[in-house]
Structure formats: C-alpha cells, structure tokens
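Below is one structure, written out as structure tokens; comments come after it.
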Amino acid sequence: MLYRTFVADSGRLLYYCFGTLSIFRQQSKTMAVAATDIASPSAHRNPKFTNIPDVKIDSHGKFKYILIKVHDPDKDREFKHIVRGSGKANYHDIYDDVVPEIENAGLDCECMGGGRIEHDSSKKKLSIYGHSQAYGQADHKITGALLDKKYKYQNISISYEGY
C-alpha cells in the first residue's frame, strides 16, 4: 500500500511516503521540531556551551553520524544536542574523539543514537537515515534541525529506514 500525504505546517510543505519525511521549504527555515527538544531554553546563555559547535560533519559524501546530548553538571537540566559525523571513523571513534573536548569544557555528554548522513554540498542536499548498531537510532528530526540551522539547504530528507 502506498501512503502519501502532503501536510502544510507553518509555511512548510511536508511530504510523507513509505516512512520517509522530506522537508521542502516554502517560507519557513526551520525543521518541525520544538526548540526545547534541541536545547534547554537557557543553554544559549551558558558560556561553557559556546565553544562546542552544534555540528561537525564531513562536507561531502555518505558517512556515519551520532547525536550527542551535552549537559552542564553544574546547572540542573541545562543541555544542548550536537551532531558529529565522518566517513573516516566508526561510531565509537566519533564519540571517543568528542568526549575529551566536552569534558575539557567542564561538561558531560551521552550518545543519543546514530545513523547515516548523505551530504551533497554541490546540490545543497542532506539525507539523514538509518541507525547505529552500537548506539541505536538517533532522533533524526533533532539532527535535521541542527543541520538545517547550519546549512540552510532547501532539501533535507529524514528516513528511519535503512542502515
């Protein structure tokens, strides 16, 4: 059975098909995820978070990624999510590389899952899909929102299918 639905939401046209969510922007420049799911309301004022980039991924290609929740142990419930991905590393390598950077800033972190990203910078296209065998499946909507904030591409697709 083919399931397709077009939904207009705050200036966005969302297209659902076979469990895949593709975002084609009309007016809005944001993904369909609450800001409080990406970071706590006061996280942007925390100086410990300022030197931790939200996104560090390869500029082109298909690679593994992880979604990491970074939190301040000195401030109750203050957090932000970050995305890290590289074609040169395994999931464990990506996480092991980022932990010292986080801890040196006086922060703690935990891996929230992973997946794959296909980044075509020449076509300004990002595809987020799959899962991590080591960490489970990340919330690709949060990942998509963080990538959208950095890259502002017209075509970002999210699928929970595939590996």
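Please read all numbers here as calculations on a predicted model, not as lab measurements.
Glu101 is linked by a salt bridge (Lys or Arg N to Asp or Glu O under 4.0 Å) to Lys56, counting only residues two or more places apart in sequence or in another chain. When the ring pair (Phe, Tyr, Trp, His ring centres under 6.0 Å) test is applied to Tyr95, the partners found at least two apart in sequence or on another chain are Tyr135. Residues meeting the side-chain hydrogen bond (donor to acceptor under 3.5 Å, both in side chains) test with Ser127, sequence neighbours left out: Ser157. By the salt bridge (Lys or Arg N to Asp or Glu O under 4.0 Å) test, Asp139 is found to be paired with no residue, residues two or more places apart in sequence or in another chain being considered.
Under the 4.5 Å side-chain criterion, counting only non-hydrogen atoms from C-beta, Tyr153 is in contact with His119. Taking 4.5 Å as the limit, every side-chain heavy atom of Ile82 sits out of range of all side-chain heavy atoms of Leu146.
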| query | Please walk me through it: do Ile102 and Ile68 pass side-chain contact (heavy atoms from CB on, under 4.5 Å)? | reply | CA-CA 10 Å; Ile102 302 299; Ile68 301 168; 5.6 Å; no
| said: side-chain contact (heavy atoms from CB on, under 4.5 Å), that's the test. Do Phe63 and Ser86 meet it? Break it down for me. | reply: CA-CA 6 Å; Phe63 48 88; Ser86 173; 5.6 Å; no
| Passes salt bridge (Lys or Arg N to Asp or Glu O under 4.0 Å), Lys48 versus Asp74? Steps please. | CA-CA 11 Å; Lys48 290 182 183 179; Asp74 299 328; 2.8 Å; yes
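Screening His140, Arg116, Arg84 for a side chain to side chain donor-acceptor pair (under 3.5 Å) involving Tyr65 leaves a single residue, His140.
From Gln137, atom CD reaches atom CE of Met112 across 13.0 Å, with rounding to the nearest 0.5 Å. Atom CD1 of Ile128 and atom CG of Leu147 lie 4.5 Å apart (nearest 0.5 Å). Rounded to the nearest 0.5 Å, atoms NZ (Lys75) and OG (Ser40) are 10.0 Å apart. Interatomic distance, Ile156 CD1 to Leu126 CG, rounded to the nearest 0.5 Å: 5.5 Å.
No salt bridge links Lys150 with Asp54; every basic N to acidic carboxylate O contact stays at or beyond 4.0 Å.
One hydrophobic cluster holds both Val33 and Tyr151 under the rule that ILVMFWY side chains link at heavy-atom gaps under 4.5 Å. Residues Val98 and Ile52 share a hydrophobic cluster, clusters being chains of Ile/Leu/Val/Met/Phe/Trp/Tyr side chains in contact below 4.5 Å. Hydrophobic clustering keeps Val99 apart from Phe79 (ILVMFWY residues linked when any side-chain heavy atoms are closer than 4.5 Å, directly or through intermediates). Both Ile142 and Val83 belong to a single network of hydrophobic side chains, linked directly or stepwise wherever heavy atoms of I, L, V, M, F, W or Y lie under 4.5 Å apart.
Closest non-hydrogen pair, Ile94 versus Gly85, comes out as CD1-CA, 4.2 Å. When all heavy atoms of Gly144 and Ile158 are compared, the closest pair comes out as CA-CD1, 4.5 Å. Of all the heavy atoms in Thr36 and Pro41, the pair that sits closest is CG2-CG, 4.2 Å. Across Pro73 and Asp108, no two heavy atoms sit closer than the pair CB-OD2, 3.5 Å.
Not one N or O on the side chain of Ser132 forms a donor-acceptor pair closer than 3.5 Å with the backbone of Gly113. No donor-acceptor pair closer than 3.5 Å links the side chain of His81 to the backbone N or O of Thr143. For the pair Glu78 (side chain) and Asn46 (backbone), a donor-acceptor distance under 3.5 Å is absent.
Residue pairs meeting the salt bridge (charged side-chain N to carboxylate O under 4.0 Å, His left out) criterion with at least one partner in residues 62-71, sequence neighbours excluded, do not occur; the list is empty. Sorted by first and then second residue, the salt bridge (charged side-chain N to carboxylate O under 4.0 Å, His left out) pairs involving residues 118-130 (not counting sequence neighbours) form an empty list.
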